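Read through the structure below, which is laid out as structure tokens, and then see the notes.
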Amino acid sequence: MKQMNNEIIYPRSEEEVLLILATAKKEGHLLEIIFDEFVKKPFSMPVLWGCRAYFYGLKKEELSAHSVLFTHLALLSAMDGDLSQAKAYVQFMGKTPRLVKMDTYDMMDICRIKTELVMPYISDAMFFRIVSFLIEEELVPVMGLTLSACRPSILNGFRDFTRYGKYLKKSKDRITEAACRLYGGSVGQKVYEIMLAEWYYQNNNCFEALILVTGTIPLIEQEKDMRCLFVALALQMKILLVNGQTKAARPLVEKIRKRIQVTGWDELTSSLDAIEGLGACYDGRLQDVERWLDDIAPDENKGIFMMDMYAWMVKVRCYIQTGKYMAAYVLTHQLIALLIPGRRYMDLCECYMLSAIIYYKMKNMEGMCEELSKAIVLAKRCGYIRLLADTGNCMVQMLVIYQKEYEEDSFISEIKELAYSVGTYFPDYLKSPYEYYEPLTQMEEKVFRLMAQGLSNDDIARQLGKKTGTVKFHSCNIFRKLQVPTRQEAVERGREIGLL
């Protein structure tokens with residue numbers, strides 16, 4: 001977003017830019033239009049991602065003549081999870097000047113420094129050094145610095161600062177001043193208060209978080225800062241939701257969507273759609289979950305767009321809730337491989353937790369305990385209490401098993417107590433389709449699997465070493481539990497709910 005002559009200019013939509021680039025390519029002046037659309041004008045990261053084929057098609061001599069475009073290629077590589085390639089593109093822009101007082105800078109010096117600021121491969125120490133350098137040299141504000149990176153969070157936004165949460169109150173003045181200068185205007189105060197509210201929430205201080213965020217929202221609305229407003233409204237909705245106040249929470253989604261339509265911040269749409277998908281999971285609305293998976297969710301077969309990380313996490317939950325455990329497992333471990341190099345500790349904790357749930361649903365308790373242990377270690381170290389507790393009944397059930405293998409401590413007890421509270425409000429959250437039916441016994445499961453292979457009762461009896469009458473008895477129980485009258489319908493139901 002840029003402001004020119006008191007008029008706010010919002011980024012174009014992906015469809016608009018793709019049409020403009022396609023026309024420019026036919027007319028033979030693509031490079032000129034790329035420069036115009038992505039250097040001179042504001043753009044959103046999803047639009048850049050959607051236009052990546054045009055950037056990848058640029059020739060070396062074209063890039064050499066317009067080396068600022070290496071910034072965009074570095075961003076694309078980072079969004080693709082290829083951090084080594086992102087680093088290589090940044091290095092094409094020349095050597096980074098030493099972070100000390102300099103007499104002069106050229107555009108590429110500044111461009112490279114600001115590009116490195118948003119690169120996941122740089123350490124937190126380097127990030128803070130670059131921020132200090134930019135402020136001291138008055139090379140601020142940094143207009144391209146995305147706070148929330150398409151997710152409803154600032155603390156775990158384009159970088160994961162959650163592990164520094166305990167320093168927020170202690171360093172209020174320094175953080176606020178730095179944020180104000182880095183982003184320009186009074187946005188720093190709002191950024192700080194939302195970050196603090198997020199940290200309060202993660203540490204289960206929901207009331208303090210709600211007070212902070214609701215007090216900040218009117219100020220953000222006055223300044224029309226959509227990114228901050230999106231995070232604030234999403235956090236308010238989450239707090240209301242997990243405390244059982246779904247009627248008050250649901251209208252906030254529509255409120256955010258209307259704001260996005262007015263302001264043109266369509267880069268937030270993916271996370272907003274994911275919030276609705278997550279809401280369907282909490283309510284146990286399986287048809288809505290299926291619809292979200294089929295029609296709205298991002299497609300991992302087309303590549304993992306890192307800025308859709310929140311939507312990917314919701315998609316894993318939807319896979320679990322619809323009994324698609326193998327798809328959930330594959331996606332989760334794709335994400336883990338991308339998150340480790342970027343030091344995304346909160347996201348990693350969430351992925352380990354989701355992986356544990358998948359193992360639990362597949363009745364692999366050894367795998368469940370191993371993955372849950374990884375999640376608990378990270379959660380305890382960084383203070384991710386609500387991240388685990390908001391899983392509800394599923395977390396309670398897993399921790400009961402986990403505590404038989406590992407010694408119970410106060411941290412685990414706190415999570416279990418909170419998870420039980422969430423579970424009372426949302427008994428159907430992460431409840432797989434087959435869990436809506438009376439469970440089959442071990443023998444019934446054996447009979448059912450052989451039945452699904454087309455074996456007759458006599459064949460099943462011979463294979464299991466049982467009498468035919470015994471097999472018929474188990475078959476009748478299967479029909480009753482699955483609420484169907486025939487073999488064929490039982491098999492169809494079993495496949496529908498992931499039992500087979």
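Heads up: numbering here begins at 1 and tracks the sequence. Since this is a predicted model, take the numbers as computed values, not measurements.
- Residues C382 and C349 have side chains not in contact (no heavy-atom distance under 4.5 Å, counting atoms from C-beta outward).
- The backbone N or O of L430 lies less than 3.5 Å from a partner atom in the side chain of K361, making a donor-acceptor pair.
- The pair D124-R129 does not count as a salt bridge, with every side-chain nitrogen at least 4.0 angstrom from each carboxylate oxygen.
- M237 has its side chain out of reach of L235: every pair of non-hydrogen atoms, C-beta onward, lies at least 4.5 Å apart.
- For the residue pair D283/Y429, the side-chain donor-acceptor check at 3.5 Å is not satisfied.
- Between F38 and F55, a ring centre-to-centre spacing shorter than 6.0 Å is recorded.
- A salt bridge links E276 with R257: at least one charged nitrogen is closer than 4.0 Å to a carboxylate oxygen.
- For the side chain to side chain contact (heavy atoms under 4.5 Å, CB included) test with L399, the passing option among T391, L388, I415 is I415; the others fail.
- In this structure a side-chain-to-backbone donor-acceptor pair under 3.5 Å is present from Q321 to C281.
- If you take CE on M368 and CE on M362, they are separated by 14.0 Å, rounding to the nearest 0.5 Å.
- Using the six-membered ring where Trp is involved, F128 and Y164 have ring planes that are perpendicular, over 60° apart on the 30 and 60° scheme.
- When ring centroids are compared, Y360 and Y325 stay outside the 6.0 Å threshold.
- Applying the 6.0 Å contact sphere to OH of Y420 captures no more than 12 heavy atoms from other residues, nucleotides or ligands.
- For the pair R381 and Y345, the cation-pi criterion (under 6.0 Å, within 45° of the ring axis) is fulfilled.
- In this structure the side chain of F305 never reaches within 4.5 angstrom of the side chain of P298, judged on heavy atoms.
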| message | Set out, in order, the CA-CA distance, both residues' side-chain angles and the distance that settles side-chain hydrogen bond (donor to acceptor under 3.5 Å, both in side chains) for S171 and D173, then state yes or no. | response | CA-CA 6 Å; S171 307; D173 293 338; over 6 Å; no
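- Of the candidates K374, R317, R386, E350 forms a salt bridge (Lys or Arg N to Asp or Glu O under 4.0 Å) with just one, namely R317.
- In this structure, the side chains of S77 and L83 stay at 4.5 Å or more apart for every pair of heavy atoms.
- By the 4.5 Å heavy-atom criterion applied to side chains, F70 and Q91 are not counted as neighbours.
- Side-chain polar atoms of N301 and D299 form a donor-acceptor pair below 3.5 angstrom.
- D288 contributes no side-chain N or O that, together with a main-chain N or O of A280, makes up a donor-acceptor pair within less than 3.5 Å.
- Defined by atom type and a distance below 3.5 Å, a donor-acceptor pair is missing between the side-chain atoms of T332 and Y352.
- Inspection of the Y201 and D390 side chains reveals an N or O donor paired with an N or O acceptor under 3.5 Å.
- Of the possible donor and acceptor atoms, one in the side chain of N203 sits under 3.5 Å from a partner among the backbone N and O of W199.
- Between L241 and F426 there is a side-chain heavy-atom pair separated by less than 4.5 Å.
- The shortest heavy-atom contact between A86 and M119 is CB-SD, 3.9 Å.
- We find the CG-CD distance between L272 and E254 to be 8.5 Å, quoted to the nearest 0.5 Å.
- Within 6.0 Å of OH on Y167 lie no more than 12 heavy atoms contributed by other residues, nucleotides or ligands.
- With salt bridges taken as basic N to acidic carboxylate O contacts below 4.0 Å, one links E300 and K315.
- Nearest heavy atom pair, residue L331 against residue W312, reads CD2-O, 3.9 Å.
- Side-chain atoms of R112 do not come within 3.5 Å of backbone N or O of M93 as any donor-acceptor pair.
- When atom types are taken as modelled, the side chain of T322 and the backbone of S432 share no donor-acceptor pair closer than 3.5 angstrom.
- Within the 4.5 Å cutoff, the side chain of E37 has no heavy atoms near those of the F43 side chain.
- Side-chain contact between E370 and S373: absent, with no pair of heavy atoms (C-beta onward) separated by less than 4.5 Å.
- Under the 4.0 Å criterion applied to side-chain N and carboxylate O atoms, D308 and R151 are not assigned as salt-bridge partners.
- Remark: Y406 OH is packed, more than 12 non-hydrogen atoms of other residues, nucleotides or ligands lying under 6.0 Å away.
- A distance of 6.0 Å or more separates the ring centres of H72 and Y89.
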